[in-house]
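Quick notes on the structure that follows.
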Amino acid sequence: MASLNQNTNLLGIKNAKHLLRRSSFMYTKTLIDQYALLTPNQALDLLLSSSPLAIEFPYDPFPTSAPDGFWTESTALATSFSGQSRKGIFVSGWWWYNAINSPTLKYKLSHFLSTCFTVEKNNSGTATEFYDYVRLLLFYSYGNYKTLAKKMTLNNSMLTYLNNTVNFKTAPNENYAREFFELFTIGKGPQIGVGDYTNYTEADIVQAARVLTGFRRVSARNVIDPDTMIPKGYNQFSTHHTSPKTFSSAFNNTIIAAATNDVGMDTELNDFVNMVFNQQATAKNICRKLYIYFVKSTITPEVETDIITPLAQDFYANGYEIAPVIRRLLESQHFYDLDDSEATDETIGGIIKSPIQQISEVCTYLQATISNPNTSPYDFYYKFWSLFVHTSFLTGANMILFDPENVAGHPAYYQAPDFDKKWISASTLIARYRLGESLLDGINRISGNATIITKINISDVIRNSNIISVANDPYILTSELCNALFAQNPDTDRVNYFMNSFLLQGLANYYWTNAWDSYLSSNNNSVVETRLKLLVTNILRAPESQMF
C-alpha cells in the first residue's frame with residue numbers, strides 16, 4: 001500500500017542525496033552531509049526557506065562599446081532595446097545561476113510551475129516581459145497556485161503568447177481559455193462525447209473566452225500588481241463581453257454575472273477562477289503533475305488511490321497552497337520508497353534527469369569554476385551560458401530553458417507513456433554524453449571545440465574539496481565518485497569496472513597511490529588529471545548517471 005505517512009527517520013546519505021536532487025538544483029557534498037543528519041521534516045524546513053539572490057538582475061554585456069547592462073530596470077520601453085532573443089537567453093541564465101546557488105525548493109518549484117503555465121520565451125513579447133513572467137513563477141513558488149492562475153491571466157508575457165491580448169468581445173479568441181482548462185488547471189479527463197471531455201466541454205471554452213475578453217498587454221510596464229510589484233496587463237472594459245456566461249453541468253451550470261466596468265472585470269475573473277478551482281478534479285490534476293515531476297511518471301491505480309487522492313484533498317482543503325502539499329509529498333514514506341518491498345519500482349533513481357538537472361548536478365557537485373556574472377558578465381552570460389549551455393548543450397539535449405517547442409511544454413513532463421524517457425534519443429545523446437567531457441576540458445566538445453570559460457579542475461577539486469575521503473586509494477576514490485554521481489550505489493563489480501578500465505587502465509592499485517602521492521608532493525598534476533578526467537567522463541556517461 002502506497003503511503004503518505006511521514007518518514008520520521010534520519011535521512012542518511014542515500015535519502016539525503018535523493019531529496020536534494022529532487023528538490024534543488026544545488027547538489028553538494030556539504031549539503032548531503034548536513035541533510036543526512038536531519039529528518040525529512042527538518043530538511044523541508046530548510047528547503048522551504050528563502051535565500052537572497054546571488055545576482056539581483058540579469059545583465060546584457062552587449063553592445064560591448066556601451067552595454068545595455070541592467071536593461072530590465074530601465075524606464076525606457078522594453079521594445080526599444082535591440083537583441084531581444086539574446087536578452088531572453090540571458091534572463092534564463094540569470095535564473096539558473098541563482099538556482100545553482102540556492103539550496104532551496106524555490107527554483108525547483110518555479111521550474112515546475114513553468115511546466116504548468118508554459119510560455120515560449122521567443123514568442124511571448126519582449127525579453128523584459130519574459131523576465132517578469134519568470135519573476136512571477138518565483139514569487140508564487142511557495143505561494144498559492146490558484147492565485148497564480150489569476151495573476152498569470154494578466155501577465156504580459158502570457159497575454160502575448162496565448163493571444164489573450166487580442167481577445168475582443170466582437171471576436172473572442174479561445175487560445176488562453178482552452179489552455180487554462182486543459183493545461184493549467186483542471187485537465188480534460190476522458191472524452192465522453194463530441195466536445196465533452198468530462199471535466200469541461202467545448203461550450204465551456206466559448207464561455208471562458210468571453211470571461212477573458214478585454215485583458216490587454218501594456219508594453220510600458222507602468223501597470224504594477226500591488227501584491228507582487230511585478231508589471232502586468234490592464235483591463236479594457238470597452239472590449240469586454242458584457243453578457244452573463246453560463247457554463248455546463250461539468251460546472252454545475254454555473255452562471256457568472258457580467259461585469260459593468262473595468263473593476264467588475266476582476267470580479268468576473270475571480271468568479272471564473274473560483275468555479276474552476278472548486279472542482280476536485282482541478283486539485284487532482286495538479287497533484288498528478290507534482291507527482292510526475294517530483295516522484296516518478298508511473299501513476300498506478302494504487303498511487304492514484306493512496307497518494308494522489310489524499311494529496312489532492314489536502315491541496316483543495318488548504319486553498320491550493322503549494323508549500324504544504326509539496327512538504328507532505330517529500331516527507332512521505334512513499335517518496336523514499338519505504339512503503340513496500342518491491343525492488344522493481346524504486347523511486348530513488350526512478351526518473352531520467354532533464355538536461356538542466358544534469359548540468360546543475362555536475363557543476364555544483366564537481367565545483368565547476370563558473371565566471372561570476374557580477375564581475376565577469378560577458379564571460380558568464382555570453383561565452384558560457386549563451387554559446388555553450390544554451391546553444392550547444394541545452395539545444396542539443398532538446399531542453400531550451402523556459403522555451404519548449406509548444407504550449408504543452410516539454411514532452412518529458414506530459415506525454416504518456418514515455419514521459420522522462422523522452423529526454424533520451426539518438427539526437428540528444430551527443431550533448432548528454434559530451435557535457436562532462438566539455439566541462440572537464442573547459443572546451444565545447446559538443447560542437448566547435450571553442451573555450452567555454454568554465455572548467456572542472458578535477459584533481460584540484462578532489463585534493464581540496466573533501467568530496468573523497470581517501471583520494472590515493474583507487475577503489476575508495478572510484479566508489480565514492482560513483483556513489484555521489486549515481487542515484488543508487490553500484491556494486492563492487494561495477495566500481496571495479498570503472499576503476500580498472502579508466503583510472504588504472506590495467507595497472508596495479510599501487511600505481512594510482514604513488515601517482516596521487518607524487519602529485520601532492522610535487523604539485524604536478526599531469527598524470528592524475530588525465531586519468532581522473534577519463535574516469536569522471538565515463539562515470540558521467542554511464543546509464544546510472546542519467547538517472548536521479
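Since the model is a prediction, treat every value here as computed from it, not as a measurement.
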Just by distance, no angles: are the side chains of [X] and [Y] close enough, under 3.5 Å, to form a donor-acceptor pair?
{"X": "Glu480", "Y": "Ser469", "answer": "yes"}
{"X": "Asp339", "Y": "Gln333", "answer": "no"}
{"X": "Asn444", "Y": "Ser392", "answer": "yes"}
{"X": "Tyr291", "Y": "His334", "answer": "yes"}
{"X": "Ser354", "Y": "Trp423", "answer": "no"}
{"X": "Thr39", "Y": "Thr8", "answer": "no"}
{"X": "Thr28", "Y": "Thr30", "answer": "no"}
{"X": "Asn5", "Y": "Ser3", "answer": "yes"}

So that I can tick it off, tell me whether Arg463 and Glu529 are bridged by a salt bridge, with the cut-off set at under 4.0 angstrom between side-chain N and carboxylate O.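 No, no charged N to carboxylate O under 4.0 Å.
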Salt-bridge contact Lys455-Asp460 (side-chain N to carboxylate O under 4.0 Å): no
Heavy-atom check, side chain of Asn7 versus side chain of Phe335, under 4.5 Å: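 Not touching, per the 4.5 Å side-chain cut-off.
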Taking the ring centre of each residue, are [X] and [Y] less than 6.0 Å apart?
{"X": "Trp94", "Y": "Tyr131", "answer": "yes"}
{"X": "Phe548", "Y": "His18", "answer": "no"}
{"X": "Tyr59", "Y": "Phe90", "answer": "no"}
{"X": "Tyr413", "Y": "Phe112", "answer": "no"}
{"X": "Tyr497", "Y": "Phe502", "answer": "yes"}
{"X": "Tyr140", "Y": "Tyr145", "answer": "no"}

If the test is side chain to side chain contact (heavy atoms under 4.5 Å, CB included), which one of Leu507, Leu532, Asp473, Val527 qualifies with Trp512?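 With Trp512 as partner, side chain to side chain contact (heavy atoms under 4.5 Å, CB included) holds for just one option, Leu532.
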Which is it for Asp45 and Arg327 under the salt bridge (charged side-chain N to carboxylate O under 4.0 Å, His left out) test, yes or no, and what are the steps along the way? CA-CA 9 Å; Asp45 285 343; Arg327 175 185 279 274; 2.7 Å; yes
Identify whether NZ of Lys or CZ of Arg in Lys108 sits under 6.0 Å from the centre of the six-membered ring of Phe25 and within 45° of that ring's axis. yes
Sorted by chain and number, sequence neighbours left out, side chain to side chain contact (heavy atoms under 4.5 Å, CB included) with Ser376 holds for Ser371, Asp379
Sequence neighbours excluded, which residues qualify as side chain to side chain contact (heavy atoms under 4.5 Å, CB included) partners of Cys482?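 In terms of side chain to side chain contact (heavy atoms under 4.5 Å, CB included), with neighbours along the sequence ignored, Cys482 is linked to Thr478, Phe486, Pro490, Phe498, Ile539.
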Those residues that, when tested against Glu120, pass salt bridge (charged side-chain N to carboxylate O under 4.0 Å, His left out) (two or more places apart):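 Listed in chain order: nothing, the list is empty.
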Pairs satisfying salt bridge (charged side-chain N to carboxylate O under 4.0 Å, His left out), at least one member in [range], at least two apart:
{"range": "residues 355-376", "answer": "Arg21-Glu361, Lys353-Glu361"}
{"range": "residues 440-450", "answer": "Asp441-Arg445, Asp441-Lys533"}
{"range": "residues 79-107", "answer": "Asp60-Arg86, Asp60-Lys87, Asp68-Lys87"}
{"range": "residues 493-517", "answer": "Arg494-Glu544"}

Scan residues 448-468 for pairs that pass ring-ring contact (aromatic ring centres under 6.0 Å, His included), counting only residues two or more places apart or in two chains.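 Not a single pair qualifies under ring-ring contact (aromatic ring centres under 6.0 Å, His included).
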I need the full list of ring-ring contact (aromatic ring centres under 6.0 Å, His included) pairs touching residues 347-368, with sequence neighbours left out, sorted by first then second residue.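 Qualifying pairs, neighbours excluded: Tyr27-Tyr365.
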Roughly how far, to the nearest 0.5 Å, is the [atom2] atom of [Y] from the [atom1] atom of [X]?
{"X": "Asn483", "Y": "Ile476", "atom1": "CG", "atom2": "CD1", "value": "11.5 Å"}
{"X": "Met547", "Y": "Gln357", "atom1": "CE", "atom2": "CD", "value": "12.0 Å"}
{"X": "Leu503", "Y": "Tyr511", "atom1": "CG", "atom2": "OH", "value": "9.0 Å"}

side-chain contact (heavy atoms from CB on, under 4.5 Å) evaluation trace for Ser438 with Phe388: CA-CA 9 Å; Ser438 298; Phe388 174 66; 3.6 Å; yes
Pair Glu331-Leu19, side-chain contact (heavy atoms from CB on, under 4.5 Å): steps then yes or no: CA-CA 9 Å; Glu331 289 182 9; Leu19 178 59; over 6 Å; no
With [X] via side chain to side chain donor-acceptor pair (under 3.5 Å) - residues at least two apart:
{"X": "Ser124", "value": "Ser157"}
{"X": "Tyr293", "value": "His111"}
{"X": "Thr126", "value": "Glu129"}

CA sep, side-chain torsions, deciding dist, call: Trp516, Ser459, side-chain hydrogen bond (donor to acceptor under 3.5 Å, both in side chains): CA-CA 9 Å; Trp516 184 261; Ser459 53; over 6 Å; no
Would you say Ile430 has more than 12 foreign heavy atoms packed within less than 6.0 Å of its CD1?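 Result for CD1/Ile430: open.
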Check this for me: Glu56, atom CD, are more than 12 non-hydrogen atoms of other residues, nucleotides or ligands nearer than 6.0 Å? no
Worked verdict on Ile322 versus Leu113 for side-chain contact (heavy atoms from CB on, under 4.5 Å): CA-CA 10 Å; Ile322 295 169; Leu113 291 172; 4.2 Å; yes
Please determine whether side-chain contact (heavy atoms from CB on, under 4.5 Å) holds for the pair Leu31 and Asp33, giving the CA-CA distance in whole Å, both sets of side-chain angles, and the decisive distance to 0.1 Å. CA-CA 5 Å; Leu31 287 170; Asp33 290 344; over 6 Å; no
CA sep, side-chain torsions, deciding dist, call: Ser102, Ser51, side-chain hydrogen bond (donor to acceptor under 3.5 Å, both in side chains): CA-CA 6 Å; Ser102 174; Ser51 59; 2.8 Å; yes
